[in-house]
Student: 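Quick one: this structure, given as structure tokens, is what I'll be asking you about.
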Amino acid sequence: MIFRPGQRETAVWIHLPGQAEPVVCGRVALRQLGPNAASDYVYGRSYLARSDAIPLLPHDLPLERGVHAARRGLHGVLRDAAPDAWGRRVLLYRLRMSESRADSELTEIDYLQAARQRVGALHFQPGVDRLEINEPMDTPDLETLARAARAVETQAPLDPELAAALLHGTSIGGARPKVLVCHNAKPCIAKFSSTTDQHPMVRLEALALDLARRCGLEVPGHERLDVAGRDALLVERFDVDTTGEHHTRHHFFSALTALKLDEMEARYASYVDLADYLRRFGASPVEQCHELFSRMVFNILIGNTDDHARNHALFWGGDTVRLTPAYDLCVMPRVGGESTQAMEVGSEGKRSSLSNALSKCGRFGLDRLQAETICRDMIDTITDTWADAASHAELPTALSRHLMRRSVLAESVLVDF
């Protein structure tokens with residue numbers, strides 16, 4: 001597919017639950033050009049006629065004819081499928097386009113269509129006859145991909161091999177270097193260290209995932225590697241089912257979308273509101289709310305303050321929602337003192353403390369004793385396994401010692417608990 005900038009509409013395709021082949025489900029069109037241009041979504045008649053059609057969201061975009069208008073920009077579920085900071089950076093580098101020029105020439109539809117590979121069940125392209133999907137089943141080797149990511153960061157010229165590597169993974173969210181790969185026959189996300197890292201962030205993310213698993217949280221499979229002298233983290237994709245003859249995709253959307261917020265409103269996101277959403281639409285809502293509470297407590301205990309609403313997501317198969325495995329967890333070094341989470345925690349707003357987390361535990365379906373038990377068990381697990389987990393992540397000893405009681409299990413977090 002030839003990329004032509006300035007597009008104002010696109011067909012939307014979806015992998016329905018359990019099906020390997022995607023189908024056209026509708027079309028999205030911008031009402032005007034410019035930043036935050038509002039858009040309209042319309043389901044296709046053929047899609048509405050299907051007995052297995054599902055709405056794109058449980059709380060919005062019902063299976064009805066007519067125009068579904070967005071308040072601003074794209075509907076959240078479509079924006080979730082678009083490239084984020086890193087993906088857009090790669091795209092602009094590939095197009096040899098400055099940010100100022102991109103602001104004036106590229107539309108959100110362009111970003112949707114330009115991503116050659118993406119996570120989730122949605123795809124975008126102008127035509128409705130046949131969908132061109134570039135699955136990462138024959139990806140360049142990790143060393144080549146790492147060199148390509150470094151070239152983007154340093155604005156270095158690319159040889160043809162690296163230019164081809166840049167076609168991978170341009171729809172993934174976040175600001176750090178990453179690509180979609182297939183490793184040992186498993187679809188994965190490969191995350192690389194950045195030229196701007198002041199700490200070994202890849203190892204700190206691997207450490208956080210390991211600690212989360214030890215604390216009983218659901219996390220994707222992962223493996224840390226050395227690639228051409230750089231840290232890399234392979235995280236198995238939870239949106240692709242590789243069992244059987246064909247790959248099937250799982251549809252999911254962000255907590256930001258669940259809460260009917262966009263980037264300009266992200267500061268209003270709340271764990272408590274997300275728990276309310278799970279009670280309304282979730283499968284096994286009691287268990288899901290307990291899992292969400294545990295993830296919130298874990299983020300507080302390890303100092304992960306990047307727990308914004310795009311770093312939480314929910315599977316949707318047309319019946320009920322459930323939390324995806326936890327992702328983008330990271331132990332974050334800090335000097336000390338009180339900190340705040342990216343999402344509201346409790347009666348004290350975003351304050352990072354267990355007392356704040358416990359203040360509204362009832363909204364998660366927990367009584368005080370149950371909630372305190374979750375906190376104490378997690379504290380004990382982190383305390384008992386920290387040295388082993390840090391060693392497994394090959395964290396420098398000095399940094400491991402510095403993190404404990406400053407970022408991890410910090411005094412400000414445990415006060416009044």
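One is the number of the first residue; the rest follow in order along the sequence.
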Student: Could you tell me whether Arg376 and Asp380 have a side-chain N and a carboxylate O separated by less than 4.0 Å?
Tutor: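 Looking at Asp380 together with Arg376, the answer is no, because their closest N to O distance does not fall below 4.0 Å.
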Student: Of all heavy-atom pairs between Leu56 and Cys25, which one has the smallest distance, and what is that distance?
Tutor: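 That closest heavy-atom pairing would be CD2-SG, 4.2 Å.
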Student: Identify the two heavy atoms, one from Cys188 and one from Leu234, that lie closest to each other, and give their separation to 0.1 Å.
Tutor: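 Minimum heavy-atom contact is CB-CD2, 4.4 Å.
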Student: If you measure only the distance, is there a donor-acceptor pair under 3.5 Å linking the side chains of Glu348 and Ser359?
Tutor: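 Distance-only check fails for Glu348 and Ser359.
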Student: Hey, does the side chain of Arg203 reach the backbone of Glu394 with a donor-acceptor pair shorter than 3.5 angstrom?
Tutor: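 At least one qualifying donor-acceptor pair exists.
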Student: Is the OH atom of Tyr268 crowded by more than 12 outside heavy atoms at less than 6.0 Å?
Tutor: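 Atom OH in Tyr268 is not packed in, count stays at 12 or less.
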Student: Give the C-alpha distance, both sets of side-chain angles, the deciding distance and a yes or no for side-chain contact (heavy atoms from CB on, under 4.5 Å) between Arg310 and Ser254.
Tutor: CA-CA 5 Å; Arg310 281 208 185 278; Ser254 71; 3.7 Å; yes
Student: Restricting to ring-ring contact (aromatic ring centres under 6.0 Å, His included), what partner residues turn up for Phe238, sequence neighbours left out?
Tutor: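 With sequence neighbours excluded, Phe238 shows a ring-ring contact (aromatic ring centres under 6.0 Å, His included) to Phe252, Phe315, Tyr327, given in chain and number order.
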Student: Going by heavy atoms in the side chains, are Cys330 and Asp306 under 4.5 Å from each other?
Tutor: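 Not in contact.
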Student: Can you name the closest pair of heavy atoms from Thr305 and Thr340 and give their distance?
Tutor: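 Here Thr305 and Thr340 meet closest at CG2-O, 3.2 Å.
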Student: Taking Thr107's backbone N and O only, do any of them form a donor-acceptor pair with Asp110's side chain (distance below 3.5 Å, no angle check)?
Tutor: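 It does hold such a pair.
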Student: Sequence neighbours left out, what pairs pass salt bridge (Lys or Arg N to Asp or Glu O under 4.0 Å) with at least one residue falling in residues 291-300?
Tutor: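 Of all non-adjacent pairs touching residues 291-300, those that pass salt bridge (Lys or Arg N to Asp or Glu O under 4.0 Å) are Glu291-Arg295.
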Student: Let me confirm one number: the OG-CD distance from Ser353 to Glu411, rounded to the nearest 0.5 Å.
Tutor: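 Here the interatomic distance stands at 14.0 Å.
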Student: Under the side-chain contact (heavy atoms from CB on, under 4.5 Å) criterion, do Met343 and Asp273 qualify, and how do the steps go?
Tutor: CA-CA 10 Å; Met343 289 173 59; Asp273 289 342; over 6 Å; no
Student: Calculate, to the nearest 0.5 Å, the distance between atoms CE and CZ belonging to Met378 and Arg214 respectively.
Tutor: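 Separation between the atoms: 14.5 Å.
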Student: Out of curiosity, Leu256 CG to Glu263 CD, how far, rounded to the nearest 0.5 Å?
Tutor: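 Spacing of CG (Leu256) from CD (Glu263) equals 6.0 Å.
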Student: Looking at Tyr111, I'd like to know if the NZ or CZ of Arg79 sits under 6.0 Å from its six-membered ring centre while staying within 45 degrees of the ring's axis.
Tutor: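 No.
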Student: Asp377 side chain to Ile374 main-chain N or O, any donor-acceptor pair under 3.5 Å?
Tutor: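 Such a contact is absent between Asp377 side chain and Ile374 backbone.
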Student: Hey, is Glu265 close enough to Arg71 for a salt bridge, meaning N to O under 4.0 Å?
Tutor: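 Between Arg71 and Glu265 there is a salt bridge, with a charged N closer than 4.0 Å to a carboxylate O.
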Student: If every non-hydrogen atom of Ala212 is compared with every non-hydrogen atom of Leu329, which pair is closest and at what distance?
Tutor: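 Heavy atoms only, the tightest pair is CB-CD1, 3.8 Å.
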Student: Would you call Asp239 and Thr324 a side-chain contact if the rule is heavy atoms closer than 4.5 Å?
Tutor: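 Answer no - side chains too far apart.
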Student: Does the side chain of Phe293 reach to within under 4.5 Å of the side chain of Arg363, using non-hydrogen atoms?
Tutor: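 Sidechains of Arg363 and Phe293: no contact.
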Student: Under the side chain to side chain donor-acceptor pair (under 3.5 Å) rule, what do Thr385 and Asp388 come out as? Steps first, then yes or no, please.
Tutor: CA-CA 5 Å; Thr385 65; Asp388 182 62; over 6 Å; no
Student: Does Arg72 CZ have over 12 foreign heavy atoms under 6.0 Å away?
Tutor: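 Yes.
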Student: Please check if any side-chain donor atom of Asn299 sits under 3.5 Å from a side-chain acceptor atom of Tyr271, or the reverse.
Tutor: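 Indeed, the side chains of Asn299 and Tyr271 share at least one donor-acceptor pair under 3.5 Å.
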Student: Answer yes or no: is there a donor N or O on one side and an acceptor on the other, between the side chain of Asn356 and the main chain of Gly349, under 3.5 Å?
Tutor: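 Yes; judged by distance alone, with no hydrogens or angles, the pair exists.
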Student: Are side-chain heavy atoms of Leu301 and Leu354 found at a separation under 4.5 Å?
Tutor: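 Yes. Closest side-chain heavy atoms under 4.5 Å.
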Student: Quick check: are there more than 12 heavy atoms from other residues, nucleotides or ligands sitting under 6.0 Å from CD of Glu287?
Tutor: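 Atom CD in Glu287 is not packed in, count stays at 12 or less.
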Student: With a 4.0 Å cut-off, would you call Lys191 and Asp328 a salt bridge?
Tutor: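 Yes, charged N to carboxylate O under 4.0 Å.
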Student: Under a 3.5 Å cutoff, is there a donor and acceptor pairing between the side chains of Ser193 and Asp231?
Tutor: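 Looking only at side-chain atoms, Asp231 and Ser193 do not form any donor-acceptor pair under 3.5 Å.
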Student: Please examine the side chains of Met404 and Leu409, heavy atoms only from C-beta on, and report whether any two atoms are closer than 4.5 Å.
Tutor: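 A side-chain contact exists here, since the closest heavy-atom pair is under 4.5 Å.
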Student: CG of Leu209 to CZ of Arg224: how many Å apart, nearest 0.5 Å?
Tutor: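 Between Leu209 CG and Arg224 CZ, I get 12.5 Å after rounding to 0.5 Å.
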Student: Does any non-hydrogen side-chain atom of Phe253 lie less than 4.5 Å from one of Val321?
Tutor: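 Answer yes - side chains close enough.
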Student: Let me confirm one number: the CG-NE2 distance from Leu323 to His312, rounded to the nearest 0.5 Å.
Tutor: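 The NE2 atom of His312 is 9.0 Å from CG of Leu323, to the nearest 0.5 Å.
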Student: Counting N and O atoms only, with roles assigned by atom type, does the side chain of Tyr43 sit under 3.5 Å from a partner on the main chain of Pro55, one being a donor and the other an acceptor?
Tutor: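 Such a contact is absent between Tyr43 side chain and Pro55 backbone.
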Student: Ignoring hydrogens and geometry, is there a side-chain-to-backbone donor-acceptor pair from Ser39 to Gly73 under 3.5 Å?
Tutor: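 Side chain of Ser39 to backbone of Gly73: a pair is present.
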Student: So Arg249 and His123, do their side chains get closer than 4.5 Å, heavy atoms only?
Tutor: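 Of all side-chain heavy-atom pairs linking Arg249 with His123, at least one is under 4.5 Å.
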Student: Does a sphere of radius 6.0 Å around CD in Glu105 hold more than 12 heavy atoms from other residues, nucleotides or ligands, not counting ones at 6.0 Å or beyond?
Tutor: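 Yes.
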Student: For side-chain contact (heavy atoms from CB on, under 4.5 Å), just list the numbers for Val202 and Glu205, CA-CA rounded to whole Å, side-chain angles, deciding distance to a tenth of an Å, and then say yes or no.
Tutor: CA-CA 5 Å; Val202 169; Glu205 182 171 351; 5.9 Å; no
Student: Treating Arg27 as the side-chain partner and Pro126 as the backbone partner, does any N or O pair qualify as donor plus acceptor under 3.5 Å?
Tutor: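 Yes; at least one donor-acceptor contact below 3.5 Å.
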Student: Considering non-hydrogen atoms only, spot the tightest contact between Cys289 and Leu278 and give its length.
Tutor: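 Closest approach of Cys289 to Leu278: SG-CB, 4.1 Å.
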Student: Going by the rule ring-ring contact (aromatic ring centres under 6.0 Å, His included), which residues pair with Tyr277 if we only count those two or more places apart in sequence or in a different chain?
Tutor: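 With sequence neighbours excluded, Tyr277 shows a ring-ring contact (aromatic ring centres under 6.0 Å, His included) to His59, Phe281, given in chain and number order.
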Student: I'd like to know if the side chain of Ser352 and the backbone of Ser339 have a donor-acceptor N/O pair within less than 3.5 Å.
Tutor: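 At least one qualifying donor-acceptor pair exists.
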Student: How about Leu259 and Ser270: do any of their side-chain heavy atoms sit closer than 4.5 Å?
Tutor: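 Not touching, per the 4.5 Å side-chain cut-off.
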Student: Taking all non-hydrogen atoms of both residues, which atom of Ala371 and which atom of Leu358 are closest, and how far apart?
Tutor: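 Closest pair (atom of Ala371, atom of Leu358, distance): CB-CD2, 3.4 Å.
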Student: Closer than 3.5 angstrom, by distance alone: can the side chain of Ser391 be matched with the main-chain N or O of Ala387 as a donor-acceptor pair?
Tutor: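 Flag not set: sc Ser391 to bb Ala387 has no pair under 3.5 Å.
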Student: Is Gln341 reaching over with its side chain to a backbone N or O of Asn304, donor-acceptor style, under 3.5 angstrom?
Tutor: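 Yes.
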Student: Considering the options Val12, Val24, Asp52, Leu16, which one meets the side-chain contact (heavy atoms from CB on, under 4.5 Å) requirement together with Tyr47?
Tutor: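 Answer to the side-chain contact (heavy atoms from CB on, under 4.5 Å) test with Tyr47 among Val12, Val24, Asp52, Leu16: Leu16.
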Student: Using a strict threshold of under 4.0 Å (side-chain N to carboxylate O), is an ion pair present between Glu108 and Arg88?
Tutor: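 Yes, this pair counts.
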Student: Name the residue from Leu145, Leu142, Ile189 that meets the side-chain contact (heavy atoms from CB on, under 4.5 Å) definition with Val179.
Tutor: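 Looking at Leu145, Leu142, Ile189, the match for Val179 under the side-chain contact (heavy atoms from CB on, under 4.5 Å) is Leu145.
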Student: I need the Phe124 CZ to Ile14 CD1 distance, nearest 0.5 Å.
Tutor: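 Result: 9.5 Å between the selected atoms.
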Student: Between Leu395 and His199, does a side-chain contact (heavy atoms from CB on, under 4.5 Å) hold up when you go through it step by step?
Tutor: CA-CA 10 Å; Leu395 207 65; His199 300 282; over 6 Å; no
